[in-house]
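Scroll down for the structure; my scribbles are underneath it.
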Amino acid sequence: MASAVVCTSCICPRVFVEQAGRAAVKAASAAPVLSSSFCGKQSWTRREGRFSLTHRNGQLNARRPASCWAHVGFVVNTVAVANESVTTTTPMGLEVVETDRPNCRVQLSITVPANICKSAYNDVIKEFSKKAKVPGFRPGKRIPENVLVNYIGPAQVRSSAVEAILKKTLPEALSSVAGRALKESEHIVSKFQDLEAGFSPDGPLSYDVAVDVAPEIKWVTEKAYRNMEVEVNLENDLTPGQAAAAEFRSRLKDLGSLRVKETGGLEMCDVAIIDISCNRINADGSLGDKVLSAEQKGFQLDTEDGANFLPGFVDALIGINREETREFDLVFPQTWQQESLRGIHAKFTGYCKEIFVRRLPEVDDTIAPKLMEGCTTIQQVRIELQNKHEVIQVQAKKQATQLAIAAELSKVVVLDVPNSLLEEQGRQMYAAKLIELQAQAKLTKEQVVQLSSQEMVTNYLQAQKEKIMDSVKQTLAVAEIYKLENLQYTEEELNAEIETAIEEFKRYNQEYDEKRVKEQAAELLEGSKVMDWLVANSRISYSIVTFVE
């Protein structure tokens, strides 16, 4: 298990990722199996130069690639009005009323003067006259406006004029939020069909735009992130030696064989094929609902793996005979992985289909290459396994420490999370989870496509809102600490991180953008520097908690 790091872009926060799975997670942004499914709605997009208007179900989204819409440097005249609103008049003559909304959102009510509307309308008419082939008029000959409008269609002309006005006025209208607006968070609140219906070449045009702005980051107390008390729960109480011995035994069993047990019941070291069903026990002792997650058909029970099961589960089945059904009651412990079952009393029913006796090979150097590739002696196998689990333990402890620190950060940072960041972070977390499951061969590409539907993504965003919000808070807090503590990384570290990332992309045959890879490498290094600093400047205690699967 690799160490986790935190990405620190306060404009575009990204999900916590493990170093080992970083390439797969990064690939989520490029994998067509995901990106083609996340939109979900029919839409059209019109791009002109660096401007893009996207129309979806009556709503307009404005986009400018790789930058905020807001332009820096406009000179504006500002007049304060009531209800926390500010009226701005831009050099173009636009009247912009800026009103603060909850969750770091600003609404801009924009009024475009009649002269700009008329100019945009005339430009549209001029373009149509150049391209339209109106019967009875030779190319290049002036076409009367009423004839041209009737030929093109009044609705089409109004639609094109409205688009031209938006294209011309949006950048300047958003100048009041220059430097504060979050990238790609702006969208036109007014419905396009309403703008089209209300448009007149000789009158003004009004529309509303909503944009998210960067949140103000505060702490519950001044620099509360310093000297935090952090309790880390380590989920494995096995020493590296014990874990190595367990893996050695598991590998040895893989080389063994099973034979049907002719007589007698299930004993320790045997393997059984069991059908398991489970029901909750109500307070009055009656049977309640089924516990579906505990039901399984044809389950292979290895009696040596008792520690991985519900306490008492294996003991309750010892002695069961082939084709015998046995009922027994157990209680799910408070350390059970599935929180909803903790403390639940349940009745289990087990039906034994078959019992096997395991035969293991002799443990000598002849089987060493089969136990671990590259090894020639049993002693070498044991040493390699010991080294492996020592590294795993160190990495697991480091990851658990970083996650505990991140969780503590979300408690001491105070900020409003913009909806755009919340949605973006949630989508990235969901995409990362799907990519991880696909990389582990738990999901096929077809299943990933099905799970990438807009409905599934929306359900995830709603169900995991608090978790996503904490993740955004942690990411923004890390970015802020990086600045406050003047942390830095070297050029050599950045180049090494970029090389590692590119190698991973190539290994997975994924396309990548070098500029974005460099940005991500910088984000990873910033997060790593902050985490190292927090580990060194926090009071950390450790405890062992064994979660039962």
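Sequence positions, counted from 1, serve as the residue numbers for this chain. This is a predicted model, so every value here is computed, not measured.
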Check: When rounded to the nearest 0.5 angstrom, what is the spacing between CG in L476 and OG in S410?
Finding: 12.0 Å
Checklist line | Spacing of CG belonging to L534 relative to OG1 belonging to T401, to within rounding of 0.5 Å | finding: 12.0 Å
Next item on the list: Could you tell me whether the side chain of T475 and the main chain of S471 form a donor-acceptor pair under 3.5 Å?
Entry: yes
Notebook entry, point to check: Does V96 reach the side chain of S109, with side-chain heavy atoms less than 4.5 Å apart?
Noted result: no
Checklist line | Minimum side-chain heavy-atom gap K467-M429 below 4.5 Å | finding: yes
Next item on the list: Applying side-chain contact (heavy atoms from CB on, under 4.5 Å), run through L494 and L525 and close with a yes or a no.
Entry: CA-CA 7 Å; L494 178 61; L525 284 173; 4.0 Å; yes
Next item on the list: Return yes if a side-chain donor-acceptor contact under 3.5 Å exists between Q338 and S293, otherwise no.
Entry: yes
Item checked: V213 to L182 - nearest heavy-atom pair and separation -> C-CG, 3.9 Å
Note to self: Between V106 and T99, is there a side-chain heavy-atom distance shorter than 4.5 Å?
What the structure shows: no
Check: Side chain of S538, backbone of V535: donor and acceptor closer than 3.5 Å?
Finding: no
Margin query: Testing the basics here: between L148 and I125, what is the closest heavy-atom pair and its distance to 0.1 Å?
Written below: CD2-O, 3.6 Å
Checklist line | Between OG on residue S85 and CG on residue D100, distance to nearest 0.5 Å | finding: 8.0 Å
Checklist line | Verdict with supporting geometry, R226 and N537, side-chain contact (heavy atoms from CB on, under 4.5 Å) | finding: CA-CA 6 Å; R226 286 174 173 250; N537 290 273; 5.6 Å; no
Check: Side-chain contact, heavy-atom cut-off 4.5 Å: Y207 with V112?
Finding: yes
Next item on the list: Determine, step by step, whether I481 and L409 satisfy the side-chain contact (heavy atoms from CB on, under 4.5 Å) criterion, reporting the C-alpha distance in whole Å, the side-chain angles of both residues, the deciding distance to 0.1 Å, and the verdict.
Entry: CA-CA 10 Å; I481 293 169; L409 271 181; 3.8 Å; yes
Notebook entry, point to check: Without hydrogens or angle criteria, can the side chains of E485 and Y225 be said to hold a donor-acceptor pair below 3.5 Å?
Noted result: yes
Check: Closest heavy-atom contact between S340 and R280?
Finding: O-NH2, 4.1 Å
Item checked: E172 side chain to L94 backbone, donor-acceptor under 3.5 Å -> no
Next item on the list: Assess whether side-chain contact (heavy atoms from CB on, under 4.5 Å) is satisfied between W219 and L484, documenting all intermediate values.
Entry: CA-CA 12 Å; W219 307 95; L484 292 175; 4.0 Å; yes
Check: So, E493 side chain and T490 main chain: donor-acceptor pair closer than 3.5 Å or not?
Finding: yes
Checklist line | Test item: S160 side-chain N/O and Q156 main-chain N/O as donor-acceptor pair under 3.5 Å | finding: yes
Checklist line | L524 CG to T500 OG1 distance, which is reported to the nearest 0.5 Å | finding: 10.5 Å
Check: Is there side-chain contact between S528 and D532, with at least one heavy-atom pair below 4.5 Å?
Finding: yes
Check: If you measure from the Lys or Arg side-chain nitrogens to the Asp or Glu carboxylate oxygens, is any gap between E497 and K518 under 4.0 Å?
Finding: no
Next item on the list: Measure the CG-CD1 distance between L195 and I188 for me, rounded to the nearest 0.5 Å.
Entry: 7.5 Å
Next item on the list: Salt-bridge test for E424 and R427: reply yes if a basic N is under 4.0 Å from a carboxylate O, no otherwise.
Entry: no
Next item on the list: Enter the distance from D416:CG to K218:NZ here, rounded to the nearest 0.5 Å.
Entry: 9.0 Å
Check: Less than 4.0 Å between a side-chain N and a carboxylate O, is that true for R105 and D212?
Finding: yes
Checklist line | Polar side-chain atom of R342 near backbone of W336 as donor-acceptor pair, under 3.5 Å | finding: yes
Notebook entry, point to check: In terms of side-chain geometry, is the basic nitrogen of K529 or E526 positioned less than 4.0 Å from the acidic oxygen of its partner?
Noted result: no
Notebook entry, point to check: If you look at every heavy atom in P418 and C104, which pair is closest and at what distance?
Noted result: CG-CB, 3.7 Å
Next item on the list: Determine, step by step, whether E504 and Y512 satisfy the side chain to side chain donor-acceptor pair (under 3.5 Å) criterion, reporting the C-alpha distance in whole Å, the side-chain angles of both residues, the deciding distance to 0.1 Å, and the verdict.
Entry: CA-CA 10 Å; E504 290 176 342; Y512 59 90; over 6 Å; no
Notebook entry, point to check: So do F128 and V149 actually touch side chain to side chain, heavy atoms under 4.5 Å?
Noted result: no
Item checked: Basic-acidic side-chain contact under 4.0 Å: E163, K168 -> no
Check: Would you call R180-E98 a salt bridge at under 4.0 Å N-O?
Finding: yes
Notebook entry, point to check: Side chains of Y121 and D202: closer than 4.5 Å at any heavy-atom pair?
Noted result: no
Checklist line | Closest approach of A173 to L108 (non-hydrogen atoms, all atoms of both residues) | finding: O-CD1, 3.8 Å
Item checked: Minimum-distance pair of heavy atoms, taken over all atoms of A164 and V124 -> CB-CG2, 4.0 Å
Check: Do Y430 and Q464 have side-chain heavy atoms sitting under 4.5 Å apart?
Finding: no
Notebook entry, point to check: Does K483 pair with E480 as a salt bridge, N-O distance under 4.0 Å?
Noted result: yes
Note to self: Counting only heavy atoms from other residues, nucleotides and ligands, does the tally under 6.0 Å from CG of N227 exceed 12?
What the structure shows: yes
